Amino acid sequence: MSELEIAGIPQAPPAEGVPAEPTTVLLIAAHPDDPEFSSAGTVAKWVKAGLHVVYVLVTSGDKGTADKAMTNARLSSAREEEQLAAAREVGVEEVVFLRYPDGLVQPDLKLRGDITRQIRRYRPYVVMVHDPLTLFYSNQFINHPDHRAVGTATVDAIYPTARDPLQYPEQITEEGLEPHKVKEIWLWGSDQPTVVSDISEVIDSKIAALRHHATQVGPPEALDERIRTRAGESGALAGVPYGESYRRVVMRA
């Protein structure tokens with residue numbers, strides 16, 4: 001594979017005569033820990049640069065355990081607390097939980113409407129989300145169906161739903177949420193990446209964030225090696241020590 005573009009800091013150009021404001025980024029994920037595995041390094045870097053990042057978690061991961069004695073309520077509560085701590089580790093203060101049932105997510109009109117609401121609420125320049133086109137990872141692993149469903153619903157919410165005033169008009173008339181056009185989509189877990197975010201200086205922050213997901217990640221020593229290996233493979237695509245890769249879609253004006 002040829003070298004990929006090394007991604008910089010996304011920043012909306014200011015309107016004439018208006019001071020530039022920090023760009024808002026909305027990261028939409030299926031489960032707690034998805035933001036950290038996919039993007040914690042990039043988020044840490046962007047927050048340090050002054051961007052406002054918000055997480056939206058579609059499920060609270062209430063089935064992600066091998067413990068037969070665990071309950072859905074206990075697990076979802078624990079995983080929400082883990083996600084809040086992991087988000088704070090990289091400077092993210094706003095986390096929205098939609099609390100859909102884990103493993104049962106469908107890219108239906110209800111989910112599309114709920115995601116549209118968050119896009120209209122936060123008005124992001126960039127949306128980060130699962131690549132809905134990925135079914136297999138490196139012919140070794142199946143992409144979780146919730147990942148694909150959230151990716152599909154989010155892409156459909158971005159275009160045309162959140163943009164058009166006659167889509168979910170009650171969000172406008174009853175909630176005061178105006179239509180919004182997203183400018184860029186950063187899709188993680190893609191087999192067609194176009195950019196690599198250099199996270200070499202924040203790899204420790206990514207690992208520290210993941211350590212908060214104690215119900216999921218296992219021994220800290222194994223986690224450290226696992227993440228450095230994966231980030232090293234992504235970084236090698238662009239010639240940097242550690243990276244996170246994305247398929248970047250820049251929407252036409």
Side-chain angles (χ1 to χ4, degrees), residues 3-29 32-57 83-96 118-131 154 158 180-190 193-213 227-228 230-251 253:
E3 287 190 357
L4 280 67
E5 175 189 350
I6 299 177
I9 306 298
Q11 180 67 54
E16 184 176 354
V18 179
E21 296 290 341
T23 298
T24 296
V25 176
L26 195 61
L27 186 153
I28 302 173
D33 81 18
D34 288 340
E36 285 67 47
F37 276 113
S38 70
S39 303
T42 301
V43 168
K45 184 172 68 173
W46 287 359
V47 169
K48 286 182 179 180
L51 278 66
H52 176 215
V53 181
V54 179
Y55 289 172
V56 175
L57 277 297
Q83 183 59 76
L84 291 170
R88 287 193 295 268
E89 188 73 47
V90 294
V92 173
E93 299 296 334
E94 289 189 74
V95 181
V96 178
Q118 301 308 318
I119 292 172
R120 288 174 170 173
R121 176 185 177 190
Y122 287 104
R123 311 184 71 75
Y125 183 80
V126 174
V127 169
M128 308 175 81
V129 72
H130 308 269
D131 189 334
T154 299
I158 291 169
H180 178 68
K181 296 180 182 179
V182 172
K183 297 296 189 286
E184 295 188 20
I185 313 170
W186 289 48
L187 302 160
W188 71 74
S190 177
T194 61
V195 298
V196 171
S197 174
D198 183 356
I199 63 166
S200 304
E201 294 185 0
V202 291
I203 185 67
D204 291 338
S205 296
K206 178 181 178 75
I207 294 168
L210 278 161
R211 284 179 181 153
H212 288 287
H213 293 284
I227 298 307
R228 290 182 188 276
R230 287 187 179 182
E233 291 170 351
S234 293
L237 296 174
V240 298
Y242 296 113
E244 292 169 341
S245 61
Y246 303 89
R247 178 175 181 172
R248 180 187 183 189
V249 178
V250 180
M251 302 292 285

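Note that the coordinates shown come from a computational prediction; the quantities given were computed from them, not determined experimentally. Residue numbers run from 1 in the order of the sequence given.
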Can you find a heavy atom in the side chain of Val54 that is under 4.5 Å from one in the side chain of Gln118?
no
Reference residue His130; test ring-ring contact (aromatic ring centres under 6.0 Å, His included); the match among Tyr246, Trp186, Trp188
Trp188
For atom CD of Glu201, decide whether the heavy atoms of other residues, nucleotides or ligands shown that lie under 6.0 angstrom number more than 12.
no
Using only atom types and a distance under 3.5 Å, with no angle test, would you say the side chain of Thr23 pairs donor to acceptor with the backbone of Leu51?
no
Working to the nearest 0.5 angstrom, can you tell me the gap between Leu26 CG and Arg121 CZ?
9.5 Å
Do you know the tightest heavy-atom contact between Val196 and Gly235?
CG1-CA, 4.3 Å
Charged N to carboxylate O under 4.0 angstrom, Lys206 versus Glu244?
yes
Test your reading of the model: is there a side-chain donor-acceptor pair from Lys48 to the backbone of Gly91, 3.5 Å cut-off?
no
Heavy-atom closest contact (His213 atom, Asp33 atom, distance)
CE1-N, 3.2 Å
For Ser234 and Gly243, the nearest pair of non-hydrogen atoms, with its separation, is CB-O, 3.2 Å
Least distance between heavy atoms, Thr42 atom then Met128 atom
CG2-CE, 4.2 Å
In a check of side chain to side chain donor-acceptor pair (under 3.5 Å) between Glu36 and each of Arg211, Gln83, His212, which one passes?
Gln83
Would you name the heavy atoms of Leu237 and Ser245 that are closest together and state the gap between them?
CD1-CB, 4.5 Å
